[in-house]
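To start, the structure itself, in structure tokens.
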Amino acid sequence: DFVANVSHELRTPLASMLVFSEMLKLGRVTDPDKVREYGRNIESIGLKLTQTINQILDYSRIESGQKRYHFEPTELPVIVEEALAACAGRLQQQQQTVQVLWPEEPLPLVMADAEAMTMALINLLDNASKYSAAASTITIRLQCEHNSVTLAISDEGIGIARAEQAKIFEKFYRVSTGMVHDVKGSGLGLAIAQHIVAAHQGQLTVTSELGRGSTFTIHWPGVVVDDESKAKAEL
Ligand code: ADP
């Protein structure tokens, strides 16, 4: 299943890339706007492919115990903005809107491996988009209390049956009913996200209702950087 899924994830975008580049090579499109559009398509497919390949490599590093994390004082908005930028193409294509609900008080610095946490958030955002209808809204809500941060990603999508909710975090597991048939994936996104969150001493949980949507929440305790470490980080 994994090989079939992954081959599809790589072959389908490569095939479209080849079609676009063939059209450009043969001079079939000459209108400058069209040429630019094809260029943009090739670029966004390339970015998506890079993301898929990174995910597979990341997972194999995790599996073999070679994944290393580098924790440093990090600004939460940077993680959120970078994840949003990485998913922008897909969200735009699906005409989906993301609303970010920031807390009223300013966000503290947190101890994180920014690159890894961004990857976890990308996986959750990507799923929120994949398993929802076009033009739906995805909400990211950040809360910070005492020393803990919660980051919740909610969608208005197909939802996940109660019996499946624990299984979806297992590697390669994909719910096999309903619309999921039409949505390709490697079944690794949540396993990777969960591993990254656990490496940050956090927890990744899901609440979901079939047909109504899902919320994936990162509970991240004890991550707020105190004034002393903040001062050191600024030196
Ligand atoms: P992939 O999306 O590549 O299949 P994941 O590990 O990210 O792999 O997710 C595992 C499964 O969990 C998905 O195949 C899908 O069935 C289900 N799933 C994950 N996120 C959502 C979501 N936001 N809404 C509905 N189903 C979801």
Side-chain angles (χ1 to χ4, degrees), residues 1-13 47-63 67 80 83-84 86-87 89-91 93-94 96-100 116-141 150-199 202-219:
D1 272 1
F2 175 64
V3 173
N5 275 330
V6 168
S7 321
H8 178 97
E9 288 271 296
L10 299 176
R11 280 216 186 100
T12 313
L47 288 171
K48 176 74 185 95
L49 271 172
T50 310
Q51 195 190 325
T52 306
I53 292 166
N54 283 345
Q55 203 168 62
I56 297 166
L57 292 178
D58 242 44
Y59 193 76
S60 62
R61 259 180 238 126
I62 287 172
E63 276 278 271
K67 172 91 184 152
V80 175
L84 280 173
C87 298
R90 172 178 196 101
L91 292 163
Q93 222 174 27
Q94 296 295 311
Q96 289 160 332
T97 321
V98 178
Q99 57 167 342
V100 185
M117 240 338 165
T118 305
M119 172 66 118
L121 193 53
I122 290 174
N123 291 352
L124 297 176
L125 263 175
D126 208 41
N127 283 347
S129 165
K130 278 198 304 194
Y131 303 110
S132 297
S136 58
T137 301
I138 296 165
T139 306
I140 303 179
R141 182 192 297 271
T150 54
L151 218 161
I153 296 99
S154 307
D155 63 57
E156 305 168 335
I158 59 172
I160 306 152
R162 189 163 271 281
E164 306 273 9
Q165 287 176 16
K167 297 188 208 154
I168 53 172
F169 295 97
E170 291 167 15
K171 63 181 170 183
F172 309 140
Y173 188 83
R174 311 194 71 221
V175 176
S176 55
T177 50
M179 147 194 174
V180 181
H181 280 306
D182 311 326
V183 182
K184 277 291 169 187
S186 57
L188 287 179
L190 286 178
I192 294 175
Q194 191 177 45
H195 189 279
I196 293 170
V197 172
Q203 252 192 322
L204 177 61
T205 59
V206 62
T207 54
S208 183
E209 211 180 313
L210 260 188
R212 308 209 77 150
S214 313
T215 297
F216 284 84
T217 309
I218 299 174
H219 307 266

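In listed order, ligands and their atoms are each counted from 1.
We find the CG-CD1 distance between N123 and I192 to be 5.5 Å, quoted to the nearest 0.5 Å.
Distances shorter than 4.0 angstrom occur between a heavy atom of D155 and an atom of ligand 1. Ligand 1 has no atom lying under 4.0 Å from any heavy atom of G157. For K130, the heavy-atom gap to ligand 1 drops under 4.0 angstrom. Heavy-atom separations between F169 and ligand 1 are all 4.0 Å or longer.
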### Query
Between S132 and I158, does a side chain to side chain contact (heavy atoms under 4.5 Å, CB included) hold up when you go through it step by step?
CA-CA 6 Å; S132 297; I158 59 172; over 6 Å; no

### Query
Taking it one step at a time, do Q99 and T139 satisfy side-chain hydrogen bond (donor to acceptor under 3.5 Å, both in side chains)?
CA-CA 5 Å; Q99 57 167 342; T139 306; 3.2 Å; yes

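In R141, the CZ atom is not crowded: 12 or fewer heavy atoms of neighbouring residues, nucleotides or ligands sit closer than 6.0 Å. Few gaps surround CD on E170; more than 12 heavy atoms of other groups in view lie less than 6.0 Å from it. Q203 CD: 12 or fewer foreign heavy atoms inside a 6.0 Å radius.
Heavy-atom proximity to Y173, at under 4.0 Å, picks out these atoms of ligand 1: 10 (C), 11 (C). Here is the list of ligand 1 atoms found below 4.0 Å of a heavy atom in V175: 14 (O), 16 (O). For ligand 1, the atoms sitting less than 4.0 Å from at least one non-hydrogen atom of G187 are 1 (P), 3 (O), 4 (O), 6 (O), 8 (O), numbered in the order shown with element in parentheses. With ligand atoms numbered from 1 in the order given, ligand 1 contributes 6 (O), 8 (O) to contacts under 4.0 Å with heavy atoms of L188. Shown in contact with S214 at under 4.0 Å from a heavy atom are these atoms of ligand 1, numbered in order with element: 24 (N).
The existence of a salt bridge linking E63 and K171 is confirmed by a sub-4.0 Å separation between a basic side-chain nitrogen and an acidic carboxylate oxygen.
In I160, the part holding a heavy atom less than 4.0 Å from any atom of ligand 1 is the side chain. If you look at E164 next to ligand 1, there are no close heavy atoms at all, none under 4.0 Å.
Residues Q96 and S129 bring a donor and an acceptor atom of their side chains to less than 3.5 Å of each other.
In terms of N/O distances under 3.5 Å, ligand 1 is approached by L190. Considering backbone and side-chain N/O atoms, G189 comes within less than 3.5 Å of an N/O atom of ligand 1.
Residues K130 and Q94 form no side-chain contact, since every pair of their non-hydrogen atoms from C-beta on lies 4.5 Å or further apart.
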